[in-house]
> 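Before I ask anything, let me first share the structure, which is written out below as structure tokens.
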There are 2 protein chains.
Amino acid sequence: MLSLTEENYLKAIYHLSDGGAKAVLTNALAVAMNTKAASVTDMIKKLSAKEVITYEKYYGVNVTPKGKTEALMVIRKHRLWETFLVDKLGFAWDEVHEVAEQLEHINSPRLIEKLDEFLGYPKVDPHGDPIPDHKGKIKIQPQVPVDQLQIGFQGKIAAVKDSDSNLLKYLDKIGARPGVKIKVLGKEEYDESMEILIDDHRVFISKAVSQNILVVG
Amino acid sequence: MLSLTEENYLKAIYHLSDGGAKAVLTNALAVAMNTKAASVTDMIKKLSAKEVITYEKYYGVNVTPKGKTEALMVIRKHRLWETFLVDKLGFAWDEVHEVAEQLEHINSPRLIEKLDEFLGYPKVDPHGDPIPDHKGKIKIQPQVPVDQLQIGFQGKIAAVKDSDSNLLKYLDKIGARPGVKIKVLGKEEYDESMEILIDDHRVFISKAVSQNILVVG
DNA sequence: GTAAAATTTTAGATTAGTCTAAAAAATAAT
DNA sequence: ATTATTTTTTAGACTAATCTAAAATTTTAC
């Protein structure tokens with residue numbers, strides 16, 4: 001059983017490690033958790049003792065299979081609650097993150113199964129991120145940031161990397177929501193801005209923005 | 001701003017004081033919170049410092065107007081979430097208490113207003129207890145336990161005092177749900193059991209049970 | 001390949017919430 | 001109206017999560 005704080009650390013480790021693919025350094029985790037390296041070292045020891053991560057001094061941490069499942073359950077809850085807030089309560093998709101950060105720690109497997117059913121077993125959340133099923137299985141479609149696409153590419157917006165509120169508001173304004181059609185028309189050499197079609201609507205976006213829009217084929 | 005633990009103490013004080021009507025003793029609070037008197041004394045000092053209660057040594061605590069409002073907001077959240085769990089997710093009314101104990105601490109005024117709207121601004125929760133409005137106003141109907149009723153009394157089940165899971169299951173079995181018609185047919189002198197009509201269905205209930213069913217005229 | 005810089009860990013303190021055991025105050029009993 | 005009992009408070013200690021400052025280790029630079 002993990003405490004609320006331990007759950008948040010584990011979730012951050014899972015994300016920083018790209019789902020368990022690579023080791024996470026103490027400092028990176030300290031930045032992500034908005035805390036100090038010394039605090040991270042302490043917490044790492046506790047999470048190792050609980051066998052959700054493995055820890056090698058000065059080299060960083062890796063999630064264990066057990067830890068991965070636990071992290072995915074927190075992510076499942078987070079994304080189901082976000083879906084609830086948008087689909088049922090009428091929140092805008094850029095307003096739900098902070099509340100979902102709280103709701104994700106409610107501990108009741110029955111509640112989550114009922115909520116999943118109530119929402120109609122959604123596959124993705126309002127940001128387009130996949131929702132792990134009750135066994136922790138997640139369907140990973142390769143998501144590519146717009147700035148890496150070739151001219152002429154056509155696809156669908158899958159998710160947004162940064163969850164900064166101002167970015168999300170801007171994307172909403174230009175109609176760049178998950179699920180929407182997207183096509184690359186051109187790239188500007190000089191400032192790396194791009195001309196794209198969002199749901200058949202022509203817009204220009206900066207490098208900072210194109211890096212944060214993830215698409216699938 | 002109160003911590004989760006402080007919120008739970010304040011809620012218990014509010015309930016034990018009958019909504020602020022009388023003082024609460026340290027030991028009573030220790031029993032209600034399942035803790036030791038020494039811990040209660042410590043917490044009382046903190047709640048006094050935050051001016052949600054007043055405290056006189058060896059005499060007990062009283063809630064301040066500010067504390068009453070804060071307690072009512074927690075109760076509002078608890079009862080709205082219970083309504084959500086039963087009306088929308090299909091929980092039985094005897095299964096929701098523990099989950100609502102967690103959900104009531106989610107801090108987002110906007111979430112609660114949206115939830116209230118989604119539920120259609122309910123006046124009472126699944127146990128028949130009134131839901132305070134967004135200003136903390138609560139409609140108090142005098143609720144009388146069945147064991148204190150005269151023979152021939154007719155009314156409606158309003159609430160259940162004890163939230164013990166076994167009691168709630170039993171009440172469900174005999175059809176004793178909030179909102180259901182009730183009539184007192186007779187009292188047995190010898191063991192204080194009673195014969196009552198629940199939704200036109202005749203049943204006998206023990207003293208232990210009749211004390212816990214609250215009715216309104 | 002050693003010195004300098006950056007990173008990570010340890011050591012020692014702090015706060016919130018809790019506990020046990022002992023002291024203080026209030027209530028009850030003779 | 002003293003003594004005995006119960007209740008409440010204080011004193012001191014413990015765990016979880018955090019911090020600052022110093023020590024240890026790794027990486028980078030010349």
> Select one nucleotide: of D:dC19, C:dT8, D:dA11, the one nearest the side-chain heavy atoms of B:A38.
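Closest of the options to the side chain of B:A38: D:dA11.
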> Is there a side-chain contact between B:E101 and B:K11, using heavy atoms and a 4.5 Å cut-off?
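Result yes, sub-4.5 Å side-chain heavy-atom pair found.
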> Check this one for me: any side-chain N or O of A:N27 less than 4.0 Å away from OP1 or OP2 of C:dT8?
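Affirmative; the distance criterion is met.
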> Pick from B:V61, B:T64, B:L47: which one makes a side chain to side chain contact (heavy atoms under 4.5 Å, CB included) with B:T54?
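Result for side chain to side chain contact (heavy atoms under 4.5 Å, CB included) with B:T54: B:T64.
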> Would you indicate what A:T26 reaches in the nucleic acid, counting non-hydrogen atoms under 4.0 angstrom: base, sugar-phosphate, or nothing?
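Sugar-phosphate contact only - A:T26 comes under 4.0 Å of backbone atoms but never of a base.
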> Calculate the interatomic distance between B:E56 atom CD and C:dA26 atom P; express it in whole Å.
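Going from B:E56 (CD) to C:dA26 (P), I get 10 Å.
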> A:S3 or B:G60: which one's nearest nucleotide on DNA chain D is closer to the 5' end?
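Nearer the 5' end of the strand: B:G60.
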> Round to a whole Å and report the spacing from CG of B:L2 to C1' of C:dA16.
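It is 14 Å, rounded to the nearest whole Å.
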> Side chain of A:M43 only, heavy atoms from C-beta on: which candidate in D:dT8, D:dT18, D:dC19 is closest?
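Among D:dT8, D:dT18, D:dC19, the one nearest the side chain of A:M43 is D:dT18.
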> As a test of reading the structure: which of D:dT7, C:dT20, C:dT9 is closest to the side chain of B:K36, going by heavy atoms?
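Given the options D:dT7, C:dT20, C:dT9, the side chain of B:K36 is closest to C:dT20.
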> Report the distance from atom CG of A:L47 to atom P of D:dT18, rounded to the nearest whole Å.
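Interatomic distance, CG of A:L47 to P of D:dT18: 11 Å.
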> For C:dT18, take OP1 and OP2 only and decide whether either is under 4.0 Å from a side-chain N or O of B:Y9.
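B:Y9 to C:dT18 OP1/OP2: side-chain N or O found under 4.0 Å.
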> If you compare all heavy atoms of B:M33 against all heavy atoms of B:A12, which two are closest, and at what distance to 0.1 Å?
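Heavy atoms only, the tightest pair is SD-CB, 3.7 Å.
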> Measure from the side chain of B:K45, starting at C-beta and using heavy atoms only, and say which of D:dT18, D:dT10, C:dT8 lies closest.
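Within the option list, the nearest is D:dT10.
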> Please tell me which of the listed nucleotides, D:dT9, D:dC19, C:dT7, lies nearest to the side chain of A:D42?
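Selected nucleotide (nearest to the side chain): D:dC19.
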> How close or far is atom P of C:dT8 from atom CG of A:L25, stated in whole angstroms?
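Interatomic distance, CG of A:L25 to P of C:dT8: 5 Å.
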> I want to verify a distance call: between D:dT27, C:dT27, D:dT10, whose nearest atom is closest to the A:Y59 side chain?
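Taking heavy atoms from C-beta onward, the closest nucleotide is D:dT27.
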> Of the candidate nucleotides D:dT9, C:dT18, C:dT10, which contains the atom at the shortest distance from the side chain of B:T5?
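For the B:T5 side chain, the nearest candidate turns out to be C:dT18.
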> B:F118 ring centre to B:K88 NZ or CZ under 6.0 Å, with the angle to the axis within 45°?
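The answer is yes, since B:K88 meets both limits relative to B:F118.
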> Working note: B:F84 + A:F84, criterion ring-ring contact (aromatic ring centres under 6.0 Å, His included); need CA distance, chi angles, decisive distance, verdict.
CA-CA 12 Å; B:F84 167 71; A:F84 167 72; 5.1 Å; yes
> Whole angstroms only, please: what is the CG-C1' distance between B:L29 and D:dT8?
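Whole-Å distance recorded here is 13 Å.
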> Given C:dT10, D:dT10, D:dT18, identify the nucleotide with an atom nearest to the side chain of A:S39.
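Of the options given, the side chain of A:S39 lies nearest D:dT18.
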> Between D:dT8, D:dT18, C:dT8, which one does the side chain of B:Y58 approach most closely?
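Closest nucleotide to the B:Y58 side chain: D:dT8.
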> Is the shortest side-chain N/O distance from B:T35 to OP1 or OP2 of C:dC19 below 4.0 Å?
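The answer is yes; a side-chain N or O of B:T35 sits under 4.0 Å from OP1 or OP2.
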